[in-house]
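Scroll down for the structure; my scribbles are underneath it.
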Protein chains: 2
Amino acid sequence: MSTAGGSPADGGAELETVHLLRRVTIEFGLRQAEFAALHGMHPTDVRALICLLDAARAGTPATAGRLGAQLGLNSAGTTALIDRLERLGHVTRSRDERDRRQVLLTVDARAVELGQEFFGPTLAGMVELLRTFDDREAAAVRRFLRGAYAALAGASLE
Amino acid sequence: MSTAGGSPADGGAELETVHLLRRVTIEFGLRQAEFAALHGMHPTDVRALICLLDAARAGTPATAGRLGAQLGLNSAGTTALIDRLERLGHVTRSRDERDRRQVLLTVDARAVELGQEFFGPTLAGMVELLRTFDDREAAAVRRFLRGAYAALAGASLE
DNA sequence: TCATATTATCTCGCTGAGCGAGGTAATATG
DNA sequence: CATATTACCTCGCTCAGCGAGATAATATGA
């Protein structure tokens, strides 16, 4: 169908998808907040762990400053954040030997486990769902998410 | 982790999609925080406006309590949140005449405009992208997002 | 080499978002 | 009609995150 002329009804289907994405992001945030409360943390702490794990997966060295920038915190807030995570034993600080100004961050294995315990079933549900997609459909989902990221961040992923 | 019987390569493609979604949600949160800072608000205030607009779109009456529940706030925090939004002129309180305990909330038109000014280009970018999808691909994206919401919220949408 | 700028992080003091506890109307229940 | 429940609000407090500024490590230029 999809008459290209941009009738209100047609735009609706696409806007609906965007609204859907927005609701998903809010719900994701709420689950993060729950996980945070469950382990004596704050939503920002969980977001920080996610960023650190993403960096680890991507092979990017995780420094204090980079983390703060990703989370939109200033340096004082970043220091406080890392203090909390370190106090809870979820991350470890270490000096970069190449540039001793920088603080490298590593996520403790136990923190990863806790995350998988909590988010595992949810993420598994999504993976399960994706298995019912054929190649073209799965590729479409990835293409949309990459595009959404680009639209949001003004930068594409890798 | 080791999910069910899929080959490692297969699980990778699906997990990649899920990680992509997670990154998108974090980026969405950052844009919300920027919008908030730009207008003297806080991230929670923006999330609240989104919830109120979603409720309006769905035709659900928006009450103080319901909003607080959606955002994971307790009653004190909810009251403070609505105080802030009302002080900024973004929402209006009114008593429900059916049940005078309840406070109904309506979003001011100006707040909607501000949101569209800021998020319009980003959302338009996503809509544009979606227009390049054929019907089956677009449907796949919606199906994934609905499923993701269900996995996150433990409830499906409508 | 040594002064100077820049970068990366930390410390200090403060503001205010959000919590727990408790209060006050309005509505339900026996 | 007393009592419970619901929906919201007030009060006092804690601590996340901010701005300002300090410190230490690295670049830059004469």
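Within every chain, numbering begins at 1; the chains are lettered A, B, ... in the order of the sequence lines, protein sequences first and strands thereafter.
At whole-Å resolution of the value, CG in B:Leu73 and P in D:dA7 are 17 Å apart. In this structure, A:His42 atom NE2 and D:dT14 atom P are separated by 14 Å, rounded to whole Å. In this structure, A:Arg95 atom CZ and D:dA25 atom P are separated by 8 Å, rounded to whole Å. Summarising the geometry, the separation between CG on B:Leu88 and P on C:dG16 is reported as 13 Å, rounded to the nearest angstrom. Counting to the nearest Å, the C1' atom of C:dT9 and the CG atom of A:Leu104 are 12 Å from each other. Rounded to an integer number of Å, the gap from B:Arg84 CZ to C:dG18 C1' is 8 Å. The CD-P distance, from A:Glu34 to C:dC19, rounds to 13 Å in whole Å. One atom, CG of B:Leu71, and another, P of C:dA17, lie 15 Å apart when rounded to the nearest Å.
Between the side chain of B:Arg101 and the base of D:dT6, at least one donor-acceptor pair of N or O atoms lies under 3.5 Å. No N or O donor and acceptor, one from the side chain of B:Thr79 and one from the base of D:dC8, sit under 3.5 Å apart.
The residue A:Thr78 sits apart from the nucleic acid: no heavy atom pair falls under 4.0 Å. Using a 4.0 Å heavy-atom distance criterion, A:Gly68 is classed as making no nucleic acid contact.
At the phosphate of D:dC9, OP1 or OP2 sits under 4.0 Å from a side-chain N or O atom of B:Arg93. For D:dC18, one of the phosphate oxygens OP1 or OP2 lies less than 4.0 angstrom from a side-chain nitrogen or oxygen of A:Asn74. Contact between the side-chain N/O atoms of A:Arg66 and the OP1/OP2 oxygens of C:dA8 is not found at any separation under 4.0 Å. Phosphate proximity of C:dG18 to B:Thr44: present, with a side-chain N or O under 4.0 Å from OP1 or OP2. Regarding contacts with the backbone of C:dA25, every side-chain N or O of B:Arg100 stays at 4.0 angstrom or more from both OP1 and OP2.
Around CG of A:Asp134, the count of heavy atoms belonging to other residues, nucleotides or ligands within 6.0 Å exceeds 12. Heavy atoms from other residues, nucleotides or ligands lying under 6.0 Å from CD of B:Glu128 number 12 at most.
With salt bridges taken as basic N to acidic carboxylate O contacts below 4.0 Å, one links A:Arg22 and B:Asp54. Between B:Glu14 and A:Arg142, no side-chain nitrogen of the basic residue sits less than 4.0 Å from a carboxylate oxygen of the acidic one, so the salt-bridge criterion is not met. Salt bridge annotation for B:Asp99-B:Arg101: present, with a cationic side-chain nitrogen under 4.0 angstrom from a carboxylate oxygen.
Remark: A:Arg31 fails to qualify as a cation-pi partner of A:Phe119 under the 6.0 Å distance and 45° angle criteria applied to the six-membered ring.
Along DNA chain D, the nucleotide closest to B:Asp83 and the one closest to A:Ala76 are compared, and the more 5′ of them pairs with B:Asp83.
The side chain of B:Gln102 lies closest to D:dC8, out of C:dC10, D:dC8, C:dA26. With D:dC8, D:dG17, C:dA26 as the candidates, the nucleotide lying closest to the side chain of B:Ala64 is D:dC8. Comparing D:dT26, C:dC10, D:dG17 by their closest approach to the side chain of A:Val103 singles out C:dC10.
C:dG30 and D:dC1 make up a base pair, with Watson-Crick or G-U wobble contacts both under 3.5 Å.
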